[in-house]
Amino acid sequence: MHYLIEELIVIATFVFLYQFMSVSYPKKEKLKSKKLIEQLFSEGQSVSAFPLRLVYMPTSFDDDVVAKTGVSVSKRNFKTAVDRNRIKRLLREVYRLNKAVYFNNITTQYAFMILYIGKDKPTMTQVESRMKLLFEKFSNKVSQ
RNA sequence: CAAGUAGAUCGCCUUAUCGCUCGAAUGCUGAACUUGUUUCAGUUAAACAUAUAGUUUAUUUAAAAGGUACUGAAACAAGUUCAGCACUUGAGAGGAAAGUCCGAACACCAUAGUGCAACAUAGUGGUUAACAACCACCAGUCGUGAGGCUAGGAAAAGUGCAACAGAAAGUAUGUACAGGUCAAGCUGUAGUGAAACCAGGUAAACUCUAUGUGGUGCAAUGUCAUGUAAACCAGUGUCCCGAUAACUAUCGGGAGAGAGCGGCACGUUCGAUGCUGGAGGGUAGGCAGCUAAAGUAUAUUGGUAACAAUAUACUCAGAUAAAUGAUAAGGGCUUUUUAUACUUAUUUUAGGUUAUCCUGAAACAAGUUCAAGAAGUACAGAAUUCGGCUUAUAGAUUUACUUGAAUA
RNA sequence: CGGGAUGUGGCGCAGUCCGGUUAGCGUACACGGCUGGGGGUCGUGUGGUCGCAGGUUCAAAUCCUGUCAUCCCGA
């Protein structure tokens with residue numbers, strides 16, 4: 001009985017989100033251009049909510065999407081590729097599930113890069129709470 | 001049963017929801033190309049005329065209209081290809097994907113030259129596309145043993161090296177004791193040291209012998225798109241002969257500073273729009289290469305073995321700031337704690353008994369069963385592709401053998 | 001994909017090419033002297049099995065092989 005209710009709540013949340021915007025994260029929305037990334041790091045601004053850091057820059061591109069986003073984890077802090085992959089997957093997953101809430105009303109196009117600057121392996125819930133904080137900070141800063 | 005040796009295999013699973021990459025099918029939209037139909041415009045030869053447009057005649061037909069054929073445009077239809085979207089469906093990390101230590105495939109680079117240098121290998125035979133890998137045997141060495149390890153050619157071709165100790169370490173001479181002589185390190189033993197007189201050691205010292213190695217690597221290479229500067233500054237540097245009517249242009253021949261062939265020489269190629277230095281400009285995207293192969297599995301045959309041959313079946317990742325995942329629930333497996341029951345051995349104790357026997361109780365140890373809780377569930381992520389090697393790795397399964405102990 | 005360097009007391013470095021039996025130097029630390037005390041200086045001392053494993057050799061920080069870690073460079 002208890003599980004049933006919990007599952008129903010989860011499903012309901014997804015349905016609710018679905019009405020606003022897709023929760024997918026296809027190739028189009030990924031930041032892939034080497035040129036754009038270099039420009040982003042040299043000219044972009046940043047906000048951070050430890051252990052995350054968001055570098056952003058308003059720009060424009062041909063594809064019909066709100067933002068292009070990439071994630072990055074330093075090799076200095078995590079030696080093995082398995083750990084880095086795990087963290088990047090978590091970051092992508094959390095971005096995928098939460099982007100609709102924060103970026104649906106933005107009109108200008110942005111390039112984002114989310115960096116993980118911590119040194120310990122995080123859990124899903126930690127990443128989720130910190131990223132929500134990060135996006136709130138970002139939208140405050142932009143609206144000013 | 002305990003301890004060990006050598007191999008072989010596996011290395012988490014299930015469900016639900018939401019995603020990622022690649023492929024396939026269907027539908028819709030768009031673009032390009034091809035074909036067909038319809039409509040419109042044009043067409044051949046000669047003469048004349050003209051800035052052009054054109055006019056006349058001829059050709060086909062009995063004659064006219066028109067058609068065939070060719071060119072261009074538009075519309076419609078069908079097909080193919082490509083792109084986007086929707087939906088359905090299939091597949092999607094390893095035993096080491098890691099380190100990049102060897103060997104190849106493949107691609108390009110004076111059509112790949114010669115000698116030297118450099119580097120690698122080193123018992124014998126075999127396997128292989130190839131190898132520093134693997135297999136078999138011999139030898140040495142370690143281990144009680146199963147087995148492990150070995151850069152295992154040459155010191156009578158030459159050059160070197162050997163601290164300390166010691167008389168003396170190769171051109172060296174003498175201590176003690178004993179022997180011995182006309183005399184003498186002449187002889188033996190002791191002593192030093194890793195090594196001490198018909199010497200030996202060291203080649204993972206130089207060296208010699210045999211064999212092998214051209215270089216660079218998928219950021220190779222090809223192609224499309226975009227973009228720019230054969231520009232600028234400084235320095236340095238070309239002459240001769242012949243032909244064409246000709247000091248200047250062109251052609252042919254000769255010399256030629258310098259540069260390339262990542263060490264040197266020869267050789268070879270370029271060579272005055274050269275060469276050297278300085279300060280700088282541009283691109284950083286797509287596609288191909290890219291995954292059907294020295295392929296995987298099974299069986300049989302040959303071989304001591306590495307391995308080879310044959311047959312059958314199968315098709316099994318292709319990303320590029322880099323896919324193969326996230327969350328929730330459940331289950332395996334391992335360790336451990338608590339509790340229950342049972343079995344075995346030992347000790348103590350009570351009773352019975354001729355008894356070393358039987359029965360009950362308690363303590364402790366080992367094992368098994370079942371239940372609940374806790375903890376753990378490794379190392380690690382394809383990047384052109386293969387063959388090896390090396391290193392990391394929780395745990396599980398299994399084969400053969402060795403040593404020790406006990407029982408029958 | 002390829003090339004190179006380093007690893008030696010707590011810290012920073014010599015010694016390695018060409019093997020030899022005391023593994024040094026500076027700094028730090030401890031003790032003592034000089035000073036009334038501090039600082040400074042002088043003297044004495046502690047601390048290493050030379051990243052790890054194996055091999056060659058009579059002998060290895062040094063030679064060879066493998067391996068681990070750190071750092072740098074090129075296309």
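All chains are named by letter (A, B, ...) in the order of the sequence lines, taking the proteins before the strands, and each is independently numbered beginning at 1.
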What residues, two or more places apart in sequence or in another chain, satisfy side chain to side chain contact (heavy atoms under 4.5 Å, CB included) together with A/S139?
none

If B/U338 has a Watson-Crick or G-U wobble mate with both distances under 3.5 Å, name it; if not, just say none.
B/A371

N/O donor-acceptor pair under 3.5 Å between A/K99 side chain and A/S24 backbone
yes

With syn defined as a glycosidic angle within 90° of 0 and anti as everything else, classify B/C316.
syn

Closest to side chain of A/R96, choosing from B/C18, B/U327, B/C20:
B/C18

Could you work out the separation of B/C109 and B/G262 based on their P atoms and round it to a whole Å?
15 Å

Kindly determine whether A/F138 and A/F112 satisfy side chain to side chain contact (heavy atoms under 4.5 Å, CB included), including the steps that lead there.
CA-CA 11 Å; A/F138 164 74; A/F112 291 122; 3.6 Å; yes

Per A/E93 side chain, nearest of listed nucleotides C/U70, B/U324, B/C18:
B/C18

Under 3.5 Å between N/O atoms: give me all the protein pairs with nucleotides 83-90 of chain B, atom names plus distance.
none

Inter-nucleotide P distance (B/A86, B/A372), Å rounded:
50 Å

Is the phosphate of B/G381, meaning OP1 or OP2, less than 4.0 Å from a side-chain N or O of A/R89?
no

How close or far is atom C1' of B/G19 from atom NZ of A/K99, stated in whole angstroms?
11 Å

So the ring pair (Phe, Tyr, Trp, His ring centres under 6.0 Å) pairs with at least one residue in residues 80-101 of chain A (sequence neighbours excluded) are A/Y25-A/Y95

Can you check nucleotides 319-322 of chain B for protein contacts, nitrogen or oxygen pairs under 3.5 Å, and list what you find?
unit_1 : atom_1 : unit_2 : atom_2 : d
B/U320 : OP1    : A/K27  : NZ     : 3.4
B/U320 : OP1    : A/K32  : NZ     : 2.9
B/U320 : OP2    : A/K27  : NZ     : 3.2
B/A321 : O2'    : A/L31  : O      : 2.9
B/A322 : OP2    : A/R92  : NH2    : 2.8

What is the base-pairing partner of B/U211, counting Watson-Crick and G-U wobble geometry with both distances under 3.5 Å?
B/A120

Say you pick atom C1' in B/U29 and the same atom in B/A328; how far apart are they, in whole Å?
41 Å

So the stems of RNA chain C, runs of at least three Watson-Crick or G-U pairs (under 3.5 Å), are C:1-7 with C:68-74, C:10-13 with C:24-27, C:29-34 with C:40-45, C:51-55 with C:63-67

In whole angstroms, how far is the P atom of B/C20 from the CG atom of A/L90?
17 Å

Please tell me whether A/L133 and A/V71 are part of a single hydrophobic cluster in this structure, the criterion being side-chain heavy atoms less than 4.5 Å apart.
no

At less than 4.0 Å, is any side-chain N or O atom of A/K79 found next to OP1 or OP2 of B/G99? Yes or no.
no

Would a single hydrophobic cluster contain both A/V82 and A/L91, if residues Ile, Leu, Val, Met, Phe, Trp and Tyr are joined by side-chain heavy-atom contacts under 4.5 Å?
no

Taking only the C1' atom of each, what is the distance from B/A163 to B/A194 in whole angstrom?
13 Å

Send over the distance from A/L91 CG to B/U327 P, rounded to a whole Å.
12 Å

Using the purine O4'-C1'-N9-C4 or pyrimidine O4'-C1'-N1-C2 torsion, is B/U111 syn (within 90° of 0) or anti?
syn

Walk me through it: do A/F135 and A/V101 pass the test side chain to side chain contact (heavy atoms under 4.5 Å, CB included)?
CA-CA 10 Å; A/F135 287 154; A/V101 181; over 6 Å; no

Integer-rounded Å distance: B/A323 C1' and A/R84 CZ:
17 Å

Rounding to the closest angstrom, what is the interatomic distance between B/A361 and B/A341 at atom P?
13 Å

Could you classify B/G95 for me, syn or anti, using a glycosidic angle within 90° of 0 as syn?
syn

Can you name the side-chain hydrogen bond (donor to acceptor under 3.5 Å, both in side chains) partners of A/T80, sequence neighbours left out?
A/D83

Conformer about C1'-N of B/U291 - syn within 90° of 0, anti elsewhere
syn

Are any side-chain N or O atoms of A/K30 and backbone N or O atoms of A/G70, one a donor and one an acceptor, separated by less than 3.5 Å?
no

Closest heavy-atom contact between A/L40 and A/A111?
CD1-O, 3.7 Å

Along RNA chain B (nearest heavy atom to each residue), the more 5'-positioned of A/T123 and A/V82
A/T123

Going by heavy atoms closer than 4.0 Å, what residues in residues 128-138 of chain A are next to RNA chain B?
none

How many Å lie between CG on A/D83 and P on B/G381, as a whole number?
9 Å

B/G262 glycosidic conformation (syn if within 90° of 0, otherwise anti) is syn

The criterion is side chain to side chain contact (heavy atoms under 4.5 Å, CB included); which residues satisfy it with A/R86, sequence neighbours excluded?
A/L90

Hey, can you pull the residues of residues 44-54 of chain A with a non-hydrogen atom under 4.0 angstrom from RNA chain B?
none

Roughly how many Å apart are C/C11 and C/A28, using the P atom of each and rounding to a whole number?
15 Å

Verdict with reasoning, A/M57 to A/L36, per side chain to side chain contact (heavy atoms under 4.5 Å, CB included):
CA-CA 10 Å; A/M57 182 183 72; A/L36 197 60; 4.3 Å; yes

Hey, could you give me each pair passing salt bridge (charged side-chain N to carboxylate O under 4.0 Å, His left out) that has a residue in residues 124-142 of chain A? Not counting sequence neighbours.
none

Just to verify, what does A/S143 make a side-chain hydrogen bond (donor to acceptor under 3.5 Å, both in side chains) with, not counting sequence neighbours?
none

Give the ring-plane orientation class for A/Y116 versus A/F78, where under 30° counts as parallel, over 60° as perpendicular and anything between as tilted.
tilted

Closest to the side chain of A/T80, out of B/A93, B/A380, B/C20, is B/A380

Could you tell me whether A/N140 atom CG has more than 12 heavy atoms of other residues or ligands within 6.0 Å of it?
yes

Take atom OH of A/Y95 and atom P of B/U327, then tell me their distance rounded to the nearest Å.
20 Å

Distance between C1' atoms of B/C197 and B/G174 (Å, rounded)
14 Å

Nearest-angstrom distance, P atom, B/U159 to B/A196
23 Å

For residues 50-59 of chain A, pull every pair meeting side chain to side chain donor-acceptor pair (under 3.5 Å), keeping only residues two or more places apart or in separate chains.
A/S46-A/R53

Just how far, in rounded Å, is P of B/A284 from CG of A/L40?
17 Å

Could you state the atom-to-atom distance from CG of A/L97 to C1' of B/G19 in whole Å?
8 Å

Pair A/L54, A/M131 - check side chain to side chain contact (heavy atoms under 4.5 Å, CB included), show working.
CA-CA 9 Å; A/L54 176 72; A/M131 194 174 282; over 6 Å; no

